[in-house]
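We count ligands from 1, going down the list as the structure has it; atoms in each ligand are counted the same way.
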Amino acid sequence: MNDPSEPYVYLVGAGPGNPGLLTLRALEVLATADVVLYDQLVPKRILDFANPNAETICVRELPGNHPDKYPHIHIMLAENAKLGKRVVRLKGGDPLVFGRGGEEAEALRAAGVAYEIVPGVTAALAAAAFLDMPLTHRNYASAIAFVTGHELPTKPGNKLDWRALANFPGTLAIYMGIARLPLIVAELMKFGKAPSTPAAIIERASTGDMRTVISTLGGLEESRRHAGLESPGLILVGDAVGQRTERSWFESRPLFGQRVLVTRPKDQAAAMLRRLELLGAVPYLMPTVEIRDPDDFGPVDAAIDAFRTTGWDWILFTSANGVHRFFQRLFARGRDVRDLGRTQIAAVGPKTAEALQAYHLKPDFVPGTGYSAATLAVALKHLVAGKRVLFPKANRGRDVIREELSQVATLEAVTVYDQVDAVEPASEIFDALRRGEIRYVTLTSSNIARSFLTACDDTIRDRVARGEIDLITISEETSAAVEALGYRAIAQAVEATTESLIQELIRLAQERTEASEELS
Ligand code: SAH
């Protein structure tokens with residue numbers, strides 16, 4: 001139930017598409033929403049930031065033939081709010097700029113439902129920032145006009161004064177105007193706007209998929225056609241557009257425009273997706289494995305109880321998942337980290353060590369390089385000789401720890417989580433792979449590689465063979481798993497970390513760009 005003093009509906013601006021441009025307030029209300037009703041133009045990626053238990057509904061799915069789905073949106077908002085749910089109405093850009101947010105607020109007032117409005121970064125502001133151009137300029141533009149290009153300029157009763165707009169002393173940001181571009185241009189020129197006025201079109205501003213056309217007012221339609229830009233896009237007209245730099249700061253990012261598939265479980269993908277986005281890439285997420293509770297916690301519980309009896313000299317972790325799952329179980333049994341007492345802790349690499357930090361624990365041992373179970377096993381051999389060693393692990397994976405260490409120590413390996421294949425070959429992502437829309441596939445463990453590659457069909461296999469899809473792995477082990485299935489990875493991380501894998505991706509993408517620049 002809502003606190004009665006809290007508003008029930010949040011009319012929220014999602015910004016132009018890059019999740020980094022969500023406001024803090026938008027994140028707060030998304031994270032606690034029960035229902036999220038979003039516009040089709042809001043990228044799916046933004047929904048990653050909503051409460052995972054929230055019901056998410058695209059307005060397209062509402063009944064009615066009208067593309068705007070009114071009045072069904074109003075009804076839906078009011079009904080859910082009255083049920084005591086926290087409703088977020090998510091709109092692209094800002095809700096009050098060509099977003100009909102005003103009408104929704106009015107309908108809520110009429111229905112007696114309280115609301116809050118959360119502004120968002122509107123397309124014109126994002127376009128200017130990501131194109132690297134000013135919207136106002138002391139010498140070139142003293143005003144900005146947000147204009148709808150949706151109304152036919154020649155329509156009787158048309159509310160826009162194109163003569164005034166042609167003489168406007170600043171930048172025109174024309175929304176929803178691509179379909180009527182020739183008419184808009186003609187109208188502006190008819191009333192005296194110079195054909196040489198700098199003009200631009202920008203599509204998906206703020207995302208790695210952003211595309212732009214820079215031209216003049218007179219040449220804009222031809223440039224657009226030549227570049228193949230379609231709706232929706234934003235048109236900018238004015239001398240300030242001429243003040244842009246050749247290549248924006250965003251277009252200069254090392255992975256700008258590269259489409260990269262992330263294949264790890266969703267709850268472990270967030271940091272990698274964000275990092276790729278910040279590098280200018282377009283990340284896609286398709287989890288290929290899922291983490292679940294093991295069928296039987298018996299052996300884990302017995303091992304946990306043994307902390308208080310025989311004790312453990314060492315505990316080994318080979319993944320962040322292993323760490324979190326082990327402690328979840330420990331806490332679920334009403335115990336706490338003191339049980340570990342003087343038990344020494346070994347971690348396979350920096351990410352696993354970081355996971356331990358969440359419990360205020362510092363590993364006694366992390367291998368210097370080559371973060372794999374094999375390296376850990378070899379390095380630990382003399383340290384754990386003759387000791388009692390606990391190894392919380394996944395249900396599958398190479399048994400190298402057990403092979404190496406059970407000869408020298410009393411080793412108890414217990415399954416704290418199951419990793420199961422979870423690929424949906426019918427997903428949109430597989431379609432995108434088949435169509436050749438995704439260039440890079442990152443494979444961050446051998447199990448992930450196996451799960452992903454066994455689900456690929458011949459079309460995808462052929463694309464990989466022809467070098468149209470590149471596989472990049474996190475380690476030698478993962479590359480070996482790829483080869484065992486008859487594929488070849490084009491690159492492999494130097495260290496077994498996500499960051500190292502991303503560095504390989506950057507190197508590869510840069511090599512390609514240089515090669516294509518040499519050709520042209
Ligand atoms: N409320 C939104 C505008 C909705 S109207 C806002 O404040 O931005 C839809 C129009 O917005 C599109 O036709 C396009 O002109 C523009 N638009 C929205 N997001 C955009 C983006 N990321 N890049 C370029 N144009 C965008």
Side-chain angles (χ1 to χ4, degrees), residues 10-23 25-26 37-47 58-60 67-70 73 88-105 117-133 135 144-153 160 165 171-181 183-185 199-215 220-221 223-224 227-238 241 244 248 250-251 256-257 277 280 282:
Y10 300 86
L11 298 173
V12 179
N18 184 328
L21 298 176
L22 283 165
T23 62
R25 187 61 184 145
L37 185 63
Y38 62 97
D39 277 348
Q40 202 164 343
L41 271 181
V42 173
K44 282 266 173 4
R45 170 77 177 121
I46 298 289
L47 299 174
C58 181
V59 295
R60 192 190 44 207
D68 286 332
K69 302 287 187 181
Y70 292 102
I73 291 176
V88 168
R89 170 76 176 104
L90 197 61
K91 292 165 162 291
D94 182 272
L96 302 178
V97 178
F98 305 125
R100 303 185 67 168
E103 289 164 48
E104 291 180 20
I117 301 178
V118 183
V121 175
T122 189
L125 305 188
F130 283 75
L131 264 178
D132 218 335
M133 57 156 271
L135 280 170
I144 311 162
F146 295 166
V147 182
T148 171
H150 195 59
E151 291 174 17
L152 270 181
L160 283 169
L165 289 173
T171 309
L172 302 177
I174 306 170
Y175 290 66
M176 302 173 281
I178 305 293
R180 298 194 166 79
L181 183 62
L183 275 168
I184 290 169
V185 167
I201 296 175
I202 182 163
E203 190 184 85
R204 298 195 200 93
S206 84
T207 72
D209 253 345
M210 164 173 124
R211 293 205 302 159
T212 56
V213 161
I214 308 293
S215 185
L220 196 57
E221 170 60 11
S223 307
R224 180 201 67 79
L229 253 63
E230 303 290 341
S231 276
L234 186 84
I235 305 163
L236 291 164
V237 182
V241 179
R244 66 183 286 277
S248 79
F250 187 60
E251 290 162 312
F256 176 69
E277 254 157 11
V282 187

Flag the pair [X] / [Y] as yes when at least one side-chain heavy-atom distance between them is below 4.5 Å, and no otherwise.
X: K44; Y: Y38; value: yes
X: L165; Y: V237; value: no
X: V213; Y: L220; value: yes
X: L11; Y: R100; value: no

Would you mind listing each N/O atom of ligand 1 next to any protein N/O under 3.5 Å, plus the distance?
from	atom 1	to	atom 2	distance (Å)
ligand 1	1 (N)	G92	O	2.9
ligand 1	1 (N)	D94	O	2.9
ligand 1	1 (N)	V97	O	2.7
ligand 1	7 (O)	D94	N	2.8
ligand 1	7 (O)	T122	OG1	2.6
ligand 1	8 (O)	T122	OG1	3.3
ligand 1	8 (O)	A123	N	2.9
ligand 1	13 (O)	M176	N	3.3
ligand 1	15 (O)	M176	N	3.0
ligand 1	15 (O)	G233	O	2.7
ligand 1	22 (N)	P16	O	3.0
ligand 1	22 (N)	A205	N	3.3
ligand 1	22 (N)	A205	O	3.3
ligand 1	23 (N)	R204	N	3.4
ligand 1	23 (N)	A205	N	2.9

Suppose we screen for side-chain hydrogen bond (donor to acceptor under 3.5 Å, both in side chains). Which residues come up paired with R244, at least two apart in sequence or across chains? none
Just one of V118, V97, V42, D39 clears the side chain to side chain contact (heavy atoms under 4.5 Å, CB included) bar with K91, so which one?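 Exactly one option meets the side chain to side chain contact (heavy atoms under 4.5 Å, CB included) with K91, and it is D39.
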